[in-house]
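Remarks on the structure that follows.
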Amino acid sequence: MSTNEQQEYDFKAIEDKWRDYWRENGFFAADEDNTEHKFYYLNMFPYPSGEMHVGHGRNWLIGDAYCRYLIMHGYNVLNPMGYDAFGLPAENAAIDNKTHPKTWTEKNIETFRRQFRQWGVVFDWDRELATCDPEYYRWNQWLFIQLYQRGLAYRKAAVVNWCPGCDTVLANEQVVDGACERCSSEVEKRDLTQWFFKITDYADELLNDLDKLENWPDRVKLMQANWIGRSEGASIRFKLDGFDDEIEVFTTRPDTIFGATFMVLAPEHPLVEKIASAEHKEAVDAYVNQARAESEIKRMRADRDKTGEFIGAYALNPLNGRKVPIWIADYVLMGYGTGAIMAVPGHDQRDFEFARKFGLEVIPVIQPENEPINGPSMEAAYLGEGVMANSVHFNGLPAGKATIHKFIEHLQEKGLGEGQVNYRLRDWLISRQRYWGTPIPMIHCETCGVHPVPEDELPVRLPEVEFLGKKGLAEIPEFYQATCPKCGGGARRDTDTMDTFVDSSWYFLRYLSSQDSNRIFDSELVNKWLPVDQYVGGIEHAILHLLYARFVTKAMRDMGLLNFDEPFARLFTQGMITHMAYRCKTHGHIGWYAVKEGDLCPYCDQPLHKEIAKMSKSRKNVVSPDEILNDYGADTERLYTLFMGPPEREIEWNAEGVRGSYRFLKRLWTIFNEHAAVATAGKGQTVSAGQLSADDKKLWNKLHQTIDSINRDFVQFKFNTVVSALMELTNTLTDYLGNVKKPSAALLNQALESMITMLSPICPFIGEELWRVLGHETSVLKADWPKADPEGLKLDEVDIVVQINGVVREVLSVPAAMAVDRGALEQKALAQEGVQRRIEGKTIRKIIVVPNRLVNIVAA
RNA sequence: GCGAGGGUGGCGAAAUUGGCAGACGCGCUAGACUUAGGAUCUAGUCCCGCAAGGGGUGGGGGUUCGAGUCCCCCCUCUCGCACCA
């Protein structure tokens, strides 16, 4: 224990002292008009879900440290904060707690603000927004109307994913393995008329522009590309035998058309009912009903047996008139292509399995060079190279791209089909049937049809009803009873609310004008500040949010609201913080704090199932920052969070590790306070190599190496190595102070000032405090960021490794001049006694000299 | 099945991008100071070996004076997509 009261590291007092300082002094308020050195930093805004845990902390601490770094480099930083405040969890929690979602959300937002303040995380708070605020969602509605007027929002009857747990429709993207992403209920299918955004109009651009995003992780771009799923092929029309209708199919292999021995329609295909023969009707209906009733989970299993039913109708191959049977099968999906395929069992494994199961003919139309294949004896579809066969005048052509084009040309000439590009991406289903979301601003009139709510009547507010539980707007007459804007007669409001991904698809634009009640945003400002220079968020948003935001940006550009194509110039995806989760077979999840010794259930002493998992309330494995903040302080949590590992990686929280970071801060505190007097005496003096002792020089070199490496690492988000570099420097400094009788005041001042400056973005509280201890009166945010002095990087002595046959045998410390002199190095290495001993009697074959590094003597 | 990214001490991880593997931190061991305290300080801590020395970055091969890093094959883990025609 220190005898001097003043020298205790009293983090509580320090943190209380500085907590409000940065905000009050406007360090984080962006200067809107000065865009010369602007930097728009943005973390994905949070869903206010209760209390934040240390895992959430990681996002904000990365952002806060990075922004402080930028501010210290003279950037005019915009780092705003908002809340993605609509959504089902609010409703569900509100139901559980018998409060209104609004009350629940507001309380959580208040908690978040308090936690940010405790962490020392500062934003440009004047721009704060919440998507559940009518002043925000009115622009959601306005945007909807603009999209509607451009044909980008439309209504269509569709088989939709219905979550029985949430009582609402889900977008395809929200269905994971056939279950609801949120509540894990098994998703059902229902026919409903729903609102869609026509994102498919932008499929090509969304795909192609990924190439522009040089500073996005490849992984994310790849995931998006896969999601969009472009494939080139042809659409071909097959005439029906005995009907006027045609079946249109999409295929990527039009070259295999002569091998099409049957057709398969999706069970939901509209033609099925019409063309199925009376004889097969019953079986067909049964199959269709079964397919519809079957859950996505079962139907989507790729490895399950093929099922299907012949419908008693035939199609005619457009190129040779061959009559082929039409089947229905659930392996053909209504949602992709046209919901119908020409089946080529010879060259498609799925069709092959189906043909074998139902005894359908297999005709190969591509023959491999060596061993010819034939339909009856094939054991799998042939997917390799070869030449066309059984394909009349195409026979003998090499299978491949060129031939595919020949087929497409041929079909096109005959008017039977054409080249076509298909996407896996579907239109974005945005309708939700719940209360806590943006009401869709449309009115349905029996006489005039569907019309937007006039813009001057926006926002269409959520009715301020007492919250009744699982109810949507369709059950609130005060809400849906309306007048038609056209005829003035009675009409009904649309009772759907929007998917919350709509809210988050443009919020980054609203920050520029969050208080503007006349327009969605100021285009001029937005064009100056966007794209976002650095966007940071979790990898879990790699597809949905980022794709939607890109789409909306492009749509707004086409409306003339924006002049850029992509919203986020640079993207960083940080990894989640995980923690051990315990589960008891009978008692469910058990909090780690309650687990009995030996990992036993506290209620029944059964051994618990253990799993390292993402922190979540439901798993009871969250670590609250409260205890750490109380025991060690915010700076310690910040330091540890950034030190524990590379920020893009998933990492397990280790409470023991926190202490090491605390120890470091304490050590630093002591060093600064003990040597502040000497250091401040050296203020204003320059440090030059000539005046330094050998010990001084060592510290000086280390200092400038550290500055150099930190400057490289900070911009790359390598905070973990920034921290370890500072720790190394501190170790060197401790050695120095222990070895030297009288430290150089100038050097010490430079070292301490540089250290605390570079640490301050990560640990801003102790940063401000120790900056004052060094005699400064203004914020450390105003300090000059240290630059590595080229002189300081020059070493007097360099360690050179001497290898014999690649094995390290000696390490020589040589003067810097010699370290770049190949001849001298070689001589010196050979002169070593240990080297002589080892090469005695051997012939030197070769000597490799790498200046500043090593000498390798190859001898045998 | 297809695609992507990983595998380095007891643990989290470093490695100037082909040049002393394990920096930094946790934990652990020993010691010092102590109203033995979950404080602080000092020393040690990849493995085998008393030592000289030898081995070592999932496994096997290769390129190279030299490989954690580059190439080929295999094992394994994580993630994304998954009957997409």
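What you see below is based on every heavy atom in this structure, not just the backbone, and it leaves out hydrogens, waters and symmetry mates. Numbered from 1 within each chain, the chains take letters A, B, ... in sequence-line order.
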- Atom CG of A/L425 and atom P of B/C81 are separated, to the nearest Å, by 14 Å
- Taking atom P of B/A82 as reference, at what distance in whole Å does atom CG of A/L222 sit? 14 Å
- Query: Does any donor-acceptor pair link the side chain of A/N856 with the base of B/C65 at a separation under 3.5 Å?
  - Reply: yes
Describe the nucleic acid contact of [X] in one word from base, sugar-phosphate, nothing, applying a heavy-atom distance below 4.0 Å.
X	result
A/V801	base
A/R845	nothing
A/Q803	base
A/R809	sugar-phosphate
A/V850	base
A/G229	nothing
A/D351	nothing
A/R663	sugar-phosphate

- A/E840 bridged to A/K842 by N-O distance under 4.0 Å: no
- Could A/R237 and A/E418 be called an ion pair, given the rule that one side-chain N must be under 4.0 Å from one carboxylate O? yes
- Summarise protein proximity over nucleotides 43-51 of chain B in one line of letters, 5' to 3': B for base, S for sugar-phosphate only, - for none, counting protein heavy atoms closer than 4.0 Å. ---------
When you get a sec, tell me which of [options] is the closest nucleotide to the side chain of [X]?
X	options	result
A/R838	B/G53, B/U42, B/A23	B/G53
A/R837	B/A82, B/A23, B/G53	B/G53
A/S231	B/A4, B/G66, B/A85	B/A85
A/K666	B/A85, B/C81, B/U40	B/U40

Identify each atom pair where a protein N or O and an N or O of nucleotides 6-14 of chain B are less than 3.5 Å apart, giving names and distance.
| from | atom 1 | to | atom 2 | distance (Å) |
| --- | --- | --- | --- | --- |
| B/G12 | O2' | A/M644 | O | 2.6 |
| B/A14 | OP1 | A/N720 | ND2 | 2.9 |

- Where does RNA chain B pair, written as one dot-bracket string 5' to 3', with Watson-Crick or G-U pairs under 3.5 Å, ( ) inside the strand, [ ] for crossing pairs and | for another strand? (((((((..(((......[....)))((((((.......))))))(((....)))..(((((..]....))))))))))))....
- Message: Would A/K698 and A/Y736 count as a cation-pi pair here, with the cationic atom under 6.0 angstrom from the ring centre and within 45° of the axis?
- Response: no
